[in-house]
Amino acid sequence: MFHPIAWLLWLGAAVLPVMLSQNPLYLAIVCLAAGIVYAVVRQTSPLAQSWSSFLKLGLTLIAFTVPLNALSVHAGRLVLFTLPRAWPLVGGPITVEAVVFGASKALSLFTLLLLFAVFNCAVDQARLLRWTPAFLFEAGLITSIALTFVPQTLRSAQEIREAQAIRGHRFHGVRDLLPLFVPLLTSGLERAVQLAESMEARGFGGSLEPLNPRREVLIKIATAMALLGLVSGFFTATYFRDQQMLGWALLTLSLTALALVFRIQGQRVRRTRYRHGVWRRRDTALAAISVGLAVTVFLVRVCARTALTYYPYPPFSPRPPFNPLLGSVLALLATPAVLAPTRREQATSE
Amino acid sequence: MLRFAHYVSRITPYVSRITHHVLLVCGLLIFSATPLYAQGPHRAGLVVQFSDGTVVTRCVTFAEDEISGEDVLRRSGLTVIFDHTSGLGTRVCKIETDGCDVPAEDCWCQCQGSPCLYWNYFYIADGVWRYSGLGCGSRTVRDGGIEGWVWGNGRTPPPLISLDDICGTSTAANTPIPTVPAPPSPTPLEASTTAPPSPTASEPGASPALSPTALAPGATFTPRTVSTSGQPSPTPPDSRTPFNDEATTTAPSANLGGYAAFAVIVLVLSGLGLYLRKRMS
């Protein structure tokens with residue numbers, strides 16, 4: 001539908017306001033936009049079934065967060081009723097403000113869940129993993145093996161179960177599971193050996209250009225130093241307030257060094273692609289809108305922090321503030337649903 | 001229908017017994033929660049030490065048997081900003097001019113590194129200041145309790161003051177609230193006589209309206225009472241005005257416009273969703 005990178009940018013732009021703002025009105029707009037995109041995406045995704053039930057489970061979050069916040073926070077002017085003060089923790093006035101704030105927290109959690117449901121339904125993991133940087137190709141390979149491991153194991157467990165059932169085996173207690181586990185273990189080991197052999201047959205690891213040993217040691221030392229500098233720079237910048245300049249300097253220096261090392265490492269890997277991902281015009285549009293939205297939200301956060309925050313307790317009003325401009329910018333998150341090809345277009349293109 | 005009536009008649013005794021138990025438990029709870037007889041106005045002392053070392057005291061009278069430390073602060077008449085957003089208790093972010101403006105800033109805006117300054121919460125037990133392990137929303141204050149708040153790093157308790165110094169020897173309620181300069185500290189409080197090193201406070205020179213007296217090392221104790229009951233409290237900072245309650249109640253039209261825009265955006269999005277659904281099917 002869209003390029004994985006475009007989807008990644010959209011996800012980042014959508015998650016940013018949810019993480020930064022507690023305002024229920026902005027959250028409602030993001031949630032609605034994500035819901036529209038989800039309704040479009042789920043029609044073509046094989047994962048939609050499981051994610052839909054997971055989202056239904058997510059709705060029960062409201063049943064927990066609202067009473068919890070209402071019972072534990074006793075601030076606010078609009079008192080619904082009062083529990084006796086002698087009751088530990090829950091005693092005191094139960095206020096509208098606490099209920100509203102609990103509901104907005106629940107809304108933000110559910111919106112995050114919905115956003116990740118959209119992303120998982122829309123993006124094929126294998127296509128996304130193809131975009132791991134060159135120096136990380138081993139980690140990408142391990143991730144892809146792990147991602148295929150669980151469904152493969154589940155499928156083979158189902159097959160073994162069926163085969164044993166045909167032979168007349170009945171699964172009642174824990175002891176009956178032994179004829180299921182032993183073949184599962186052996187088949188898993190067999191598959192692992194098969195995978196290792198096929199990787200070797202394809203020349204795995206041979207694509208790395210050899211380095212002379214002195215340079216390799218140098219690169220290893222540089223990586224360690226850069227990582228150490230990264231950690232200490234981050235700590236200095238955030239912990240010692242009067243040494244912030246030094247911390248940021250250290251941070252930028254070590255980040256540059258790390259990028260350099262990664263570049264050198266990445267150049268050693270020769271990669272070939274069998275299927276190239278196509279970047280269409282609509283991907284450009286989605287990426288541009290996402291980046292613009294994220295930058296807008298970030299600027300609002302930096303310049304006028306109070307525009308995003310929501311604090312219902314006195315001395316503020318429980319009625320959330322709303323900026324129409326910011327609200328309509330957030331509504332742009334529904335773009336993937338508008339730009340997505342219809343079924344007929346998809347059928348003709350593939 | 002008959003079976004239903006039969007069923008009802010069978011469970012009725014159980015229901016009535018359960019109701020009886022529930023009422024009994026509720027009654028016990030209410031009985032334990034309310035005192036047998038009202039004990040007149042109770043008193044609690046409040047000692048607040050600001051970043052420049054000035055100490056302000058308040059006497060809070062209350063009719064209940066016990067109130068929370070948060071209530072003491074609320075009833076003191078000081079301008080206090082709380083933060084309830086964590087859902088697990090109350091944080092004190094700002095008293096008068098010292099602290100952080102929530103939500104424009106983080107509640108612990110000056111405690112994000114090694115010079116960590118925040119409102120430290122102390123209470124007097126056995127004649128000594130103790131750092132409270134509980135938050136002000138959870139700690140209960142009874143008659144005669146003294147609460148201390150210090151803008152600092154948690155190591156310096158406020159000067160030791162007796163309840164009579166704060167509230168005056170007369171027990172009459174609503175006496176003019178005195179401001180007492182700190183006495184020379186007894187042994188456990190040596191740290192408090194040295195004025196706290198002026199930290200990176202955003203607003204030095206705290207609360208001129210409260211006519212405080214700076215703590216000087218070795219200051220002699222003079223029980224001078226200054227009536228501050230008529231003093232206007234400092235105006236809240238400007239950053240709060242956009243969402244201030246008064247602002248929203250006096251000018252609801254601006255907010256109404258915003259809500260109308262919200263409704264329009266929601267309608268447009270819903271229409272889009274319906275249209276896309278039609279196009280898909």
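Throughout, a chain's letter reflects where its sequence line sits, starting with A, and its residues are numbered from 1. For clarity, every value in this text was computed on a predicted model and none was experimentally measured.
- Looking at A:Pro312, neither its backbone nor its side chain comes within 4.5 Å of chain B, counting heavy atoms on both sides.
- Contacts between A:Val37 and chain B at a heavy-atom distance below 4.5 Å are absent for every atom of the residue.
- Both the backbone and the side chain of B:Thr85 come within less than 4.5 Å of a heavy atom of chain A.
- Chain A forms the most heavy-atom pairs under 4.5 Å with one residue out of B:Leu276, B:Val264, B:Val268, B:Leu272, and that residue is B:Leu276.
- Only the backbone of A:Thr238 comes within contact range of chain B, with at least one heavy atom under 4.5 Å from a heavy atom of that chain.
- In this structure, CG in B:Asp71 is found 11.0 Å from NE2 in A:His74, a value given to the nearest 0.5 Å.
- Contact check for B:Tyr259 versus A:Arg319: side-chain heavy atoms found under the 4.5 Å cut-off.
- Taking both residues in full, the closest heavy atoms of B:Ser270 and A:Leu32 are given as OG-CD2, 4.1 Å, listed atom of the first, atom of the second, then distance.
- Only the backbone of B:Ser86 comes within less than 4.5 Å of a heavy atom in chain A; its side chain stays farther off.
- Only the side chain of B:Ile265 comes within contact range of chain A, with heavy atoms under 4.5 Å apart.
- Chosen from B:Ile67, B:Thr90, B:Asp83, the residue pairing most often with chain A at heavy-atom distances under 4.5 Å is B:Asp83.
- Contact of A:Ala39 with chain B is not made at all, since no heavy-atom distance falls under 4.5 Å.
- Contact of the A:Ile29 side chain with the B:Phe262 side chain is registered, since non-hydrogen atoms from C-beta on lie closer than 4.5 Å.
- Within the 4.5 angstrom heavy-atom criterion, only backbone atoms of A:Ala340 (N, CA, C, O) approach chain B.
- With a 4.5 Å cut-off on non-hydrogen atoms, B:Arg277 does not touch chain A at all.
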